[in-house]
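Structure record follows, encoded as structure tokens.
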Amino acid sequence: MLRQETRVPVWLPGTLSVASCIGLWVVATTFEFVGPARLPGPKDLWESFEQLMDPGYAGGTLPQQVWFSVRLVLAGFAVAIVTGVPLGILMGMSRRAEALINPAFLVIRPIPPLAWIPLAILWFGLGNGAKIFVIWFGAFVPALINTYTGVRSVDPGLIAAARVHGARPWHVLFEVVVPGALPLIFTGLRLALQASWTALVAAELVGAFYGLGRVLMTAARDIYPGMIAAAMICVALLGASMTYLLGLAEAKATPWRNR
Amino acid sequence: MALATQHPGLRWLPYSLAGAAIFLAVWSLLPQAGIVPSALLPSPMAVGKTFFELTQEPFAGYTIQQHLLSSFIRFASGFGLAAAIGVPLGLLMGWYRWLDRAVAPIFETIRFIAPIAWLPFAVLWFGTGIGGPILIIFSGAFPACLINAYRGARLTQGFLIEAAETLGAKPRHIITEVVMPSALPSIVAGLRIGAGVGWQSLIGAELIVVSSGVGYLMVQGQGNLATEKVMAGMVAIGCVGVLIDVALRAAERHFRRFEQA
Amino acid sequence: RAQNIGVSYQPALYWSLPFFIATEKGWWKEVGLDPKFSSFPSGAPQVAAVPAKSWDVGGTGSAPAVLGAARVNLITIGIINDQSSINALMARPNEAEAILANPTSLKGKQILLTTNSTGEYAAISCLGKWGLKPNDVQMVNLGQADVIAAFSGGNGALAGLWAPNMFTLEKRAGARTLCTGKEGGVRIVTALVARADFAKENPKQVAAFLAVISRGLEWQKKNKSEAFELMKRWYKQGGVELDDRFLQQEIDIQPNFYLEDQLRAFDRSKGPSDMDQWFAGLGAYLKSTGTLKEAPDTRAFITDEYLKMVRDDPKLRKFAAGD
Amino acid sequence: MSSIRFERISRTFRVGGQLVPALADIDLHVDEREFVAIVGPSGCGKTTLLRMAAGLDHPTSGRVLVGGRPVTGPGPDRAVVFQQFALFPWKTIRDNIGFGLKCTGVSRAQREPIVERYLKVMGLDGHGDAYPHQLSGGMQQRVALARSYALEPEVLLMDEPFGALDAQTRIDMQEELIRLSRVHPRTVLFITHSVDEAVYLADRVVAMDRRPGRVREIMDIAQIRRSEKWGELPVEEVMDLESFNHLRTRIWRLLRRGDGEASGHGVVDNPPLRTQPAQKTKLRRAQ
Amino acid sequence: MSSIRFERISRTFRVGGQLVPALADIDLHVDEREFVAIVGPSGCGKTTLLRMAAGLDHPTSGRVLVGGRPVTGPGPDRAVVFQQFALFPWKTIRDNIGFGLKCTGVSRAQREPIVERYLKVMGLDGHGDAYPHQLSGGMQQRVALARSYALEPEVLLMDEPFGALDAQTRIDMQEELIRLSRVHPRTVLFITHSVDEAVYLADRVVAMDRRPGRVREIMDIAQIRRSEKWGELPVEEVMDLESFNHLRTRIWRLLRRGDGEASGHGVVDNPPLRTQPAQKTKLRRAQ
Ligand SMILES: Nc1ncnc2c1ncn2[C@@H]1O[C@H](COP(=O)(O)OP(=O)(O)OP(=O)(O)O)[C@@H](O)[C@H]1O
Ligand SMILES: Nc1ncnc2c1ncn2[C@@H]1O[C@H](COP(=O)(O)OP(=O)(O)OP(=O)(O)O)[C@@H](O)[C@H]1O
Ligand SMILES: [Mg+2]
Ligand SMILES: [Mg+2]
């Protein structure tokens with residue numbers, strides 16, 4: 001923090017801004033400054049949620065849709081961790097590996113998840129594999145890059161210290177490099193989590209039976225603003241709460257950074 | 001974002017070349033060995049040839065350069081807006097605690113909404129205007145611009161700020177002459193990530209109004225199962241993405257010349 | 001002085017060919033219109049762009065026309081052609097016979113199609129013909145392009161496609177058409193639509209628009225070979241590359257509605273018109289999928305008011321007839 | 001017009017919910033144009049005291065007056081020189097020196113001659129367009145001094161300004177400072193860990209105690225330094241003087257005794273709280 | 001079995017395409033159980049020399065022998081204590097101290113009593129489960145010492161180990177080191193910027209020159225320190241001894257003269273190259 005604390009309670013500005021946004025929305029929609037066809041009002045939103053709970057929408061009820069999406073996101077995110085982090089460590093530790101992998105990585109990296117869908121369908125069919133692949137692709141890149149940066153930023157003094165105390169390469173890796181890179185790895189994981197959620201919509205374009213992405217796309221095709229907003233709110237809240245959980249995991253995994 | 005920043009030097013060039021060769025070889029072998037039908041994964045040669053043809057002959061109304069140009073204009077507007085709002089807002093949030101607390105709860109939830117998820121509202125709000133694509137690209141690029149400017153501002157060395165204060169600096173001096181230059185590396189990193197994501201959101205943006213753009217080219221190519229056209233589009237997107245990144249890195253080097261020995 | 005009008009369509013489709021012809025021939029100006037075109041990849045964004053007043057009149061599928069009536073106050077003012085035969089269920093060549101011989105074998109299988117579309121409407125009708133209910137199979141929702149990719153990749157038992165995608169699949173994968181909407185007993189037409197408020201304020205322009213499209217249809221009938229060449233150009237511009245054989249097939253199985261056909265279809269003098277029945281069927285389908293809570297009253301949004309204006313205005317009528 | 005008065009200053013910090021007294025009941029004044037050095041164990045509140053004079057921190061009770069007026073915030077009348085130099089890495093030497101002037105609204109044209117003069121005074125001519133990282137530590141600290149001097153402040157506050165320099169450069173800078181204070185005498189509050197440095201530079205040396213920070217003793221050196229003309233001798237000659245060594249050892253004893261009393265025996269500095277220099281504390285606050 | 005020999009060592013660095021000699025023709029040996037301190041201006045190659053003994057760097061020509069065998073890489077027989085402590089922030093004090101033992105394959109059960117012993121020896125009992133950032137600088141440096149001592153190395157290499165500590169803590173640590181070397185005598189190569197420290201601790205003090213780094217003079221103190229029993233007196237008493245002050249001033253003169261000769265006059269250290277402590281150079285290299 002740069003500025004000195006003021007006497008304003010911590011929660012106040014956030015509450016005020018959220019409240020004023022909601023207030024603005026309620027006013028704008030109830031007095032129809034913005035038509036219901038363009039921005040759903042509170043009532044539309046409530047009805048959409050009701051419909052989503054019972055009888056359901058786009059092939060399933062809210063719990064089904066959420067459960068399906070969360071599973072996909074977690075699977076894609078997990079695969080991104082187990083591939084991106086080790087590869088990032090490898091590239092960070094070995095110039096040779098970096099030079100070898102970089103060209104392919106550079107070309108593939110800017111390709112949008114959406115563009116992978118046809119290939120994903122081809123390689124993994126219409127099952128969850130293709131969806132997980134699309135999510136993985138979005139999450140893999142930040143996981144790898146941040147791990148790489150983290151490894152590269154480990155204080156060489158600490159590596160030297162480990163070596164003069166008799167550390168073998170695997171000691172250096174597991175006792176120095178990995179813990180040293182851990183804070184940045186977690187930064188990467190946060191970004192990867194966000195990427196997983198944002199890739200979800202694209203992933204569920206691959207013939208999903210359930211899922212919030214499917215709800216969103218169906219609602220878009222049905223021109224159903226209330227439902228679109230409902231799905232967006234669900235995705236946003238789920239994403240934010242999973243990030244919160246990740247923060248707890250980070251605190252657990254890096255106890256030395258807690259005060 | 002250091003991967004491409006590194007100058008591995010000539011020493012590592014052979015490895016990079018080998019890496020590129022392996023990549024191309026695997027790509028060519030997959031369709032040739034029949035592991036993947038070439039209708040769905042054309043060889044690099046076929047893609048290259050198609051790419052070249054697309055530069056000569058219009059497809060879906062325009063040549064690929066023209067598609068790229070109209071995509072780029074959309075991208076530049078959306079990304080420009082994201083940078084113009086995100087960077088100053090991020091810096092101010094880093095400086096003013098109350099602003100941070102006011103914006104954070106909204107921002108921290110909204111950023112999980114995928115750029116293409118905004119597509120329905122983009123159409124409802126802006127119709128066929130350029131506003132739609134801008135909204136989508138903006139929503140892709142904005143979080144990175146904001147977060148990095150914010151992080152950079154927050155990591156400004158406290159003693160530099162205090163030094164400025166004791167030299168008579170007002171808040172505006174501190175923000176423009178201390179916090180911003182100090183956050184610059186982080187800001188540029190954010191711009192690079194933001195540009196990447198914004199550019200990736202392009203296809204989504206071009207699902208709205210069909211008339212031009214690489215995204216449109218790809219959608220049309222996909223509709224005809226002309227996979228080599230889709231992949232030529234991907235290559236074009238990839239190349240422009242890399243070029244944007246290179247340009248931003250050059251800008252970064254320019255602004256950080258004070259660090260070079 | 002030419003009047004501004006926003007015209008929307010979907011590119012590279014047979015039904016939107018008249019829009020292209022009219023522009024090529026410079027007919028818009030002749031009726032005093034200065035069109036601003038916007039084109040959309042599908043009906044949903046096209047309808048969604050209405051509240052932003054992005055366009056005033058245009059052509060679209062019948063599902064978006066009904067949806068647009070329910071959601072954004074679109075009215076249907078005319079029709080272009082009959083698409084019942086180009087919404088089809090397709091199978092792999094080696095499996096087609098077996099499925100036809102024993103349709104119940106489809107139970108539990110996957111059908112790849114774009115849900116909430118005329119394609120699904122046609123598919124359901126075909127299933128009905130075979131004695132199957134929608135719930136007997138698994139409908140996998142994919143975009144048309146993804147249906148092609150997935151089906152070629154060995155996914156699904158059947159693919160629900162419309163033209164020209166069905167021909168693309170036929171050309172690429174040798175797929176066979178098993179059943180079309182027509183065989184399933186439903187009528188699917190493309191609609192000419194207008195924003196209700198725009199039509200109310202500018203009836204003359206809406207009528208002029210109808211006249212232009214009608215003239216395009218007439219002209220196609222009279223200049224078959226030239227129309228064929230224009231169609232090829234129109235498809236190529238939209239990035240669709242098909243053999244002449246498929247193009248000809250499209251022309252053959254999609255009969256156009258000329259002015260008098262349209263008037264007949266909209267005629268309510270002997271009770272509900274054909275259009276009322278066709279769109280009521282679609283409305284019921286959209287209700288069954290949960291897209292609409294209530295099917296919109298066809299009488300409220302299908303109107304032949306503007307068609308009659310064309311018929312009753314000698315100048316426009318002459319223009320529409322291409323004379 | 002530029003004396004510094006600390007009047008019954010106390011400062012308590014809240015650390016993890018607990019109130020920890022950092023300074024208790026400090027009464028101290030620095031006369032106009034006097035050079036006062038403060039020495040004391042780490043964590044005794046030296047930096048906190050100086051920050052209060054700078055207006056960067058505020059007492060829990062008591063008040064700080066500079067030139068007779070209470071301090072309300074930082075200002076260019078009281079220049080601070082920090083241990084870490086605190087130069088702006090993205091500004092050239094010239095722009096670093098001119099920064100304070102720019103902030104106080106001096107036009108570019110008026111700034112230039114002032115900056116040039118201080119470049120010369122500090123032996124930095126020819127380096128005006130370099131960036132800080134291109135200079136050695138000693139030169140960087142000279143830039144920081146020039147930046148403060150360019151504002152012609154009445155009061156200079158220096159917090160271990162030479163702590164980050166190597167021994168030789170440090171001595172050079174000490175001589176430089178002596179020279180400068182002959183040319184431009186100022187009111188100086190100088191914090192150091194080095195007893196040698198304090199004795200060599202100051203008119204008065206304040207020795208502090210910790211937990212909570214208090215003034216233990218104040219030693220007046222002005223007399224001796226003037227009579228023996230320390231200011232005109234090179235450092236190592238002064239260091240060889242008996243009077244110097246005597247004073248130095250006296251302060252040493254004082255400080256060690258104080259510590260011994262506080263913690264019981266020789267091995268000190270055992271608190272679980274970190275007592276590192278304050279900039280680390282500040283970084284922590286910045287996170 | 002644990003002497004250190006530098007035989008005609010030269011070391012050249014390639015800096016931006018140019019070859020820069022850092023060390024030229026160094027001949028130096030440290031006998032078994034001898035304590036040798038090296039002083040010299042910043043950048044004279046002290047750290048480079050020590051890194052070679054540690055096996056972290058290699059001479060361009062010449063060779064380094066430890067215990068008669070050429071050095072090929074780092075090893076637990078030569079423990080290094082760094083200025084920045086180089087503790088692992090993610091390990092508790094206990095795990096930091098036990099790190100070397102763990103790496104050399106000592107089982108957890110066998111490690112525990114050793115770690116406990118060094119916690120006690122270093123006055124760290126009760127802090128075993130803390131993380132480094134929770135300790136003061138002096139305590140952190142004691143942990144670093146314990147980590148090295150726990151390996152019971154024959155040779156200790158220390159690169160400005162107390163440079164980051166405040167003056168008091170530094171003195172405490174010096175006394176601690178003297179005490180430890182009475183209990184466990186070791187071969188020690190000790191780098192410092194403080195002449196006082198070098199004279200107080202070492203049997204021999206090596207003064208170096210820079211550009212390129214050379215040995216200027218070696219001073220043998222062992223005799224005096226043994227006859228006057230420095231090892232048994234508190235620091236400030238030693239500092240008051242005439243012999244001490246004499247030696248100290250002599251080395252001071254030597255170093256300053258050396259530098260004066262190199263740069264021409266009093267104001268030194270003006271090169272455009274940075275001459276900050278080597279750890280900064282290393283950080284820069286690491287980026
Ligand atoms: N912002 C703060 N929050 C909590 N405690 C603080 C803060 N600033 C200082 N302290 C505490 O106040 C005491 C005095 O700190 P200060 O930095 O003034 O000491 P110092 O004498 O300058 O020490 P050093 O010689 O190490 O620089 C210390 O115990 C420190 O931990
Ligand atoms: N890896 C390297 N690459 C290039 N130059 C180097 C490298 N390491 C050291 N040098 C140079 O070699 C010289 C000696 O460096 P070294 O760090 O050994 O000095 P030092 O005596 O330890 O200095 P200090 O007292 O500041 O720590 C310096 O000029 C330094 O810049
Ligand atoms: Mg301090
Ligand atoms: Mg060194």
Side-chain angles (χ1 to χ4, degrees), chain A residues 1-3 5-6 8 10-14 16-18 21 37-39 91 95-96 98-115 118-119 122-123 145 148-149 152 194 197-202 213 216 219-220 223 225 228 231-232 235-240 243, chain B residues 1-4 6 8 12-13 15-16 18-20 22-23 36 40-41 94-99 101-106 108-117 119-121 124-125 143 153-154 156 158 161 179 196 199-204 218 222 227 230 233-235 237-238 241-242:
Chain A
M1 175 190 51
L2 298 173
R3 290 282 68 188
E5 284 295 327
T6 49
V8 181
V10 173
W11 49 268
L12 188 64
L16 274 184
S17 72
V18 171
C21 279
R38 305 177 78 170
L39 188 67
M91 287 172 76
R95 278 290 176 117
R96 208 160 292 165
E98 185 200 344
L100 205 61
I101 298 170
N102 227 353
F105 184 72
L106 276 182
V107 177
I108 292 179
R109 185 182 134 194
I111 298 171
L114 212 55
L119 285 180
L122 173 73
W123 291 338
I145 290 182
Y148 167 89
T149 314
R152 275 291 156 90
Q194 179 187 343
W197 277 104
T198 53
L200 178 72
V201 179
L216 196 78
I223 313 176
I228 299 170
M232 284 168 88
V235 168
L237 290 181
L238 284 170
T243 305
Chain B
M1 298 298 101
L3 277 198
Q6 297 289 335
W12 304 108
L13 190 64
Y15 290 96
S16 294
I22 293 171
F23 174 68
V36 173
L40 283 146
L41 185 66
W95 180 249
Y96 294 109
R97 207 64 177 123
W98 61 267
L99 186 65
R101 298 216 169 106
V103 176
I106 297 171
E108 284 297 322
T109 29
I110 282 192
R111 71 193 176 98
F112 288 95
I113 299 172
I116 57 165
L119 200 144
F121 278 124
L124 284 173
W125 294 341
R154 290 291 292 275
T156 306
I161 290 167
V179 174
W199 187 243
Q200 287 195 359
S201 317
L202 206 67
I203 295 193
M218 289 173 63
Q222 203 183 345
T227 316
V230 178
M234 280 161 74
V235 170
I237 287 188
V242 169

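So you know, we letter chains A, B, ... as the sequences are listed, proteins then strands, and number each from 1.
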* **Portion of A:Pro13 that has a non-hydrogen atom of chain B nearer than 4.5 angstrom** => both
* State the CG-CG distance between B:Leu119 and A:Leu216, to the nearest 0.5 angstrom. => 9.0 Å
* chain B heavy atoms under 4.5 Å from A:Trp123: which part of the residue, side chain, backbone, both or neither? -> side chain
* Out of curiosity, B:Leu124 CG to A:Ile223 CD1, how far, rounded to the nearest 0.5 Å? -> 7.0 Å
* To do: Quick one: closest heavy-atom pair of B:Gln200 and A:Arg109, and the distance?
  => NE2-O, 3.0 Å
* To do: Check A:Gly14 against B:Pro105 and note the closest heavy-atom contact, atom names and distance.
  => CA-CG, 3.8 Å
* List in chain and number order the residues that pass side chain to side chain donor-acceptor pair (under 3.5 Å) with A:Arg38, two or more places apart in sequence or in another chain; answer none if no residue qualifies. => none
* Which of A:Ala202, A:Ala199, A:Pro112 touches chain B most, by non-hydrogen pairs under 4.5 Å -> A:Pro112
* CD1 on A:Ile228 to CZ on B:Phe121, rounded to 0.5 Å -> 5.0 Å
* Structure fact -> Checked B:Ser201, B:Gly238, B:Ala114 vs chain A; the most non-hydrogen pairs under 4.5 Å come from B:Ala114
* Counterpart residues, side-chain contact (heavy atoms from CB on, under 4.5 Å), relative to B:Ile106 (two or more places apart) -> A:Ser17, A:Val18, A:Cys21, B:Ile110
* Structure fact -> Closest heavy-atom pair, A:Val235 versus B:Phe112, reported as atoms and distance to 0.1 Å, is CG1-O, 3.5 Å
* To do: Under 4.5 Å heavy-atom distance to chain B, tell me which part of A:Leu12 shows up: side chain, backbone, both or neither.
  => neither
* For the residue pair B:Ile113 and A:Met232, what are the closest heavy atoms and their distance? -> CG2-CE, 3.5 Å
* B:Phe23 CZ to A:Leu106 CG distance, which is reported to the nearest 0.5 Å -> 10.5 Å
* Interface moiety of A:Leu200 toward chain B, non-hydrogen atoms closer than 4.5 Å -> neither
* Of the backbone (N, CA, C, O) and the side chain (C-beta and beyond), which part of B:Ala20 lies under 4.5 Å from a heavy atom of chain A, both, or neither? -> both
* Structure fact -> Heavy-atom nearest pair, B:Ser16 first then A:Pro103, reads O-CG, 3.1 Å
* Asked: Are any side-chain N or O atoms of B:Thr109 and backbone N or O atoms of A:Leu237, one a donor and one an acceptor, separated by less than 3.5 Å?
  -> no
* Can you name the closest pair of heavy atoms from A:Leu100 and B:Tyr15 and give their distance? -> CD1-O, 3.3 Å
